[in-house]
Structures are given as C-alpha cells and as structure tokens.
Amino acid sequence: MEFKKNQEITLKIDDLGNNGEGIGHVDGYALFVKDALPGETIRAKIMKSKKKYGFARMMEVLECSDSGRVEPACPVARQCGGCTLQHLSYEKQLAYKEKKVKDCLVRIGGVNAEKVEWLPVLGMEMPWHYRNKAQFPVRMQKDDSGELRPVAGFYAGRTHSIIPVTDCAIQHPCMKEILETVLSWMQEQHVPAYDEVSHRGLVRHIYIRRAYTTSQIMVCLVINGRQISEDLKRTLVEILSGIPGMTGILLNINTDQTNVILGKKMLLLWGQEYIEDNIGGVRYHISPQSFYQVNPVQTEKLYQTALEFAGLTGEETVWDLYCGIGTISLFLAKNAKKVYGVEIVPEAIKNARENARLNGIYNAEFFCGAAEEVVPRLAEELAALADVVVVDPPRKGCDIVLLDTIVKMAPEKIVYVSCDPATLARDVKLLGEKGFEVKKVRACDMFGQGGHVETITLLTSKAR
Ligand code: SAH
C-alpha cells in the first residue's frame, strides 16, 4: 500500500516507536506520527510514503481513550530532541517500556513468555532533574534584537540547530547556573562559539558532570584549539571555582571536523581530574572520558538487581564485561571469590583499578581492550572457567565472537544488562540456540521522559 503526499486519513494509533512517535497501522502498513499516542484516533496528513511504511503529521485528535496524554513540563519539549515522551504520563511511560522489553524478547528473542519470571519495571520516584551528566553544544545565534550571542542548549530533533535551554527539566539544577556562568564569560571575554560549517570559533561543548552523593562537580569546555590564553584561563577559573561543589575545571582539545564530542587530550585548569561518587557503599572515581551511568538513584537499583540475579555465595568466579570504571565488578566483588573486568577505554580501566584500591577490594582484576579480543585470549591463558558472566554492552549489543567465547566458558549464569531491548533480544536468541534460557527479566527506567529503557536479564545454562 502507498499513500499520496498530503492525503488526509483517519488513523488509530496502537504503538509507540523508539523515538516516542505514535505508530498506526492501515492493513499492515505502518505510519509513524510524531506527538500522537496509543489510544488516540487522529486525523493525519501523509508527509512521506515508502513501500512498507510512511510518515504522517498529526492534525487533530478525534477520539481518545486513556492515552495518558499530559501537558509537557518543559516549554520546549516539542522542539527539543532530548525528551521524547514528556507528553505521556510517567505511569504510561513505564508501562510502555515494560511492554517494549517483553515484546522484543518474545518476538525477536524467541523467548517463551510462559517460562520467564517477568519482574515489575523499576520506576523512578522523581522522574525530573535526575541526570548527572550533560554535554551542551554551544553556537553563536542571533537574539531577539538581532545581536549574535553564544547560546547553549539542545539540538532540535534530528538536526544541528540549537534550541537554547539552560533550564533543562531532567538535568540537575546546578547545570543552569554553570551554563549561564560560562555563557556570560564567553560574552564578556569575546570568546566565540564554534561554527560547524566554517570549522571556526572556539567553544564547541560545555560538558558537566555532578556526583550525586558528594555533590562534586566537574566542568569541561571542549574547544576547537590547542590552548587558551592565560587571561582566559584565569577569568574562567575565577568565575567557576566559586560555584559550590566545583571540583575540577578542564579543557578538552577537539580540533577535528567531527560529531564526536570529546577529543583525546584533556588539560586540567583547576582542581582535580576526577569526581568521586558512591553507589551502595562503594566509592568510585570518575574521569571525564569514562562511562558512568547518568541516573544515580536508578543505577543503584540496577546494580542491586544484577547482584540478586547473579545469586552469589562468595565462591564464584565472575566476569564483568564492558565494565567501565568497574562499577558492577566492585559492587559484586564483596560477594564473589574473584572478579575479572574487561573494558576498552584506558582511562576507565585506570579508574577501575584505582577504585578497587580505594575500597580495599583485592579480588578484582581489570583488563583493557575490546572484550571480543581480550576475553577469548584470557579465557585460554587463565583457563578461567566462569561461574557468572555479566555483560553490559553499548546499544549495539555484544560482539558475536564474544558471545561464542562466553558459551565456551560455560558459565552457570549470564546476567545481561542492556540499554537496548532489540539487540538484547538478538543476543538472547543466539544464546538460546547455544544452551542458555531466560529465567528472569526486569526493566529499569534510567531515562524518565525519554524512550530508552534498561533491562536486566538472567539466563541460565540448560547443561548445568
Ligand atoms: N558496566 C558499566 C559500563 C557500561 S557502558 C557501568 O554500568 O558503568 C558500556 C561500556 O562498554 C563503556 O564503558 C564502553 O567504553 C565499553 N565498551 C564499548 N565497546 C567495548 C568493547 N568492544 N569491549 C569492551 N568494552 C567496550
């Protein structure tokens, strides 16, 4: 079926897509409609029609039954590419995420739903102002009076034009003061923002991290240049170091024409290079280059669930693959005989080793490299059969070589922590064919107001 552009139709929305868009079906043909919600029947105008699916614009809600539509809290929620579900009640967001995980595991993963214990989604008590990390792009944009000024904010969905926002509804409130301070420093000192097209200008991003339990803050300006003048350094440090909690002020050098935010080199201007946080009694040092979960309250629930699923007695050898700064490794170490962590980012491994020492944990060992290269080698060298393997890969999921190696290591349990249910399901299918079955699944909401969802899955070996 194909529609004509601008054709108007009546459409019942029955699902939500990955970017929070409503999905309606006409004889099996899927139409994606931004801002529409399941439960609503709408008048829609066709914008683009392809062979198997198309895009339509929402014109009017004709009928609505229990769609959960609410007024977004943030005035720029519609334009901003950050939050995709603010117009949906939080309760419905959770229900949608829970359903998405189950649908993926059953449809793509081939999981028998009857044989799995589906634990209720772990929702947030306060789904606002929860994020501990922000990377705001900075550009020169004309204000209402036509004057060029530095602005920071978010990319409008799918584009690189900036919606100026310093007061983001999901970021920690300290971010607003920091952004405004840096922007007024740029204005006063005539520091130009970066321009993507001409590859000129200096400040590309303002990158901020805050540790939840210690309130320590790190600010890093990503610049298109190798250095800034002593005068600029001094004035920047002067205005930022007075902000309560400020622990480190850094420059990151990124002179490449790229969308990648951070360059390789960091220069410390003031304070120290890391912040310290605490999850469930374990202390962590976090470098700016290292991955760290963005939702501290939910992270503890996530790790606690991983620990429960692992069911450790103190006798087990545990592997934590894609371990970042060793968060899960150290969280589990107290209850295991030995933990091996593997991670690709050198700074993160440095943090992980430091963090083990910091907590007096001596039964954890860390290796730097791609898991799919390091683990096959180590598994042979150490002849280390594993009792429990934890994986927590990025969105693209686990490398197939790694999955095969895990199967060879023959653990009793695999705890799969995933930030994308589709790739989780793909990997679960493969593990299913090689003798592992899904026992327990629990979704955990780390991204309130956004469409992403985290899942913890326990697989056990059929052979043991
Ligand atoms: N478990 C950690 C980190 C999870 S994020 C935590 O909860 O904090 C995924 C991590 O995988 C990141 O730190 C990323 O740097 C790392 N990574 C990405 N590709 C990898 C690969 N091929 N091998 C090992 N680690 C990888």
Side-chain angles (χ1 to χ4, degrees), residues 122 131-133 135 209 211-213 260-262 264 274-280 282-307 309-310 318-333 336 339-356 359 364-379 388-406 414-420 423-424 427 442 444-447 452-457:
L122 291 162
R131 279 186 62 104
N132 60 14
K133 173 187 172 182
Q135 291 167 313
R209 247 181 183 169
Y212 179 73
T213 52
V260 177
I261 296 178
L262 288 184
K264 286 216 168 68
Y274 60 86
I275 52 172
E276 179 174 327
D277 207 355
N278 184 314
I279 308 173
V282 186
R283 293 162 67 194
Y284 298 103
H285 283 182
I286 311 151
S287 292
Q289 299 98 325
S290 301
F291 176 89
Y292 188 61
Q293 298 285 355
V294 295
N295 185 331
V297 174
Q298 293 302 99
T299 298
E300 185 163 350
K301 298 183 193 170
L302 179 80
Y303 292 171
Q304 195 58 47
T305 307
L307 179 64
F309 282 12
V318 180
W319 290 70
D320 176 18
L321 309 179
Y322 307 89
C323 71
I325 60 170
T327 35
I328 298 181
S329 325
L330 301 180
F331 203 84
L332 301 187
V339 181
Y340 295 109
V342 181
E343 158 67 42
I344 203 165
V345 172
E347 288 84 356
I349 282 293
K350 192 168 158 260
N351 285 155
R353 290 180 180 142
E354 224 171 79
N355 291 336
N359 291 283
E365 206 174 320
F366 294 96
F367 302 94
C368 187
E372 61 276 18
E373 288 168 18
V374 171
V375 182
R377 184 164 51 75
L378 282 180
V388 178
V389 174
V390 180
V391 294
D392 183 5
R395 274 188 210 143
K396 68 176 182 201
C398 291
D399 189 281
I400 188 145
V401 176
L402 180 68
L403 290 175
D404 282 339
T405 310
I406 294 174
I414 300 174
V415 179
Y416 196 135
V417 180
S418 155
C419 52
D420 184 340
T423 56
L424 163 70
D427 292 350
R442 185 155 212 176
C444 178
D445 188 26
M446 308 283 277
F447 312 103
H452 293 291
V453 57
E454 199 87 8
T455 313
I456 315 108
T457 303

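One-based numbering, in listed order, for ligands and for the atoms of each. Worth saying up front: this structure is predicted, and the values here are computed from it rather than measured.
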Going by the order shown, which atoms of ligand 1 are within less than 4.0 Å of some heavy atom of Tyr303?
6 (C), 7 (O), 8 (O)
Of the listed options (Glu343, Gln293, Glu454), which comes nearest to atom 13 (O) of ligand 1 when hydrogens are ignored and any heavy atom counts?
Glu343
If you take the nearest heavy atom of each of Ile279, Val417, Asp392, Val401, which one is closest to atom 1 (N) of ligand 1?
Asp392
Could you pull out, from Leu321, Val294, Ile344, the option with a heavy atom nearest to atom 25 (N) of ligand 1?
Ile344
Gap between atom CG of Asp445 and atom CG of Leu122 - 0.5 Å precision:
9.5 Å
Between the side chains of Tyr303 and Thr327, is a donor N or O closer than 3.5 angstrom to an acceptor N or O?
yes
Contact check: Val342 vs ligand 1, nitrogen or oxygen atoms, below 3.5 angstrom
no
Using the rule given for side-chain contact (heavy atoms from CB on, under 4.5 Å), can you reason through Asp392 versus Gln293, listing the C-alpha separation, both sets of side-chain angles and the distance that settles it, and then say yes or no?
CA-CA 11 Å; Asp392 183 5; Gln293 298 285 355; 3.7 Å; yes
Within a distance under 4.0 Å of any heavy atom of Val345, pick out the atoms of ligand 1 and give their elements.
15 (O)
Looking at Gly369, which atoms of ligand 1 are within less than 4.0 Å of one of its heavy atoms?
23 (N), 24 (C)
Approximate separation, where rounding is to 0.5 Å, of Glu454 CD and Arg442 CZ:
14.0 Å
Proximal candidate to atom 20 (C) of ligand 1 [heavy atom criterion; set Tyr284, Tyr322, Tyr292]:
Tyr322
Applying a strict 4.0 Å limit to heavy atoms, is Cys323 in contact with ligand 1?
yes
Test of proximity, Thr327 against ligand 1: N or O pairs below 3.5 Å
yes
Any heavy atom of Cys419 sitting closer than 4.0 Å to ligand 1?
no
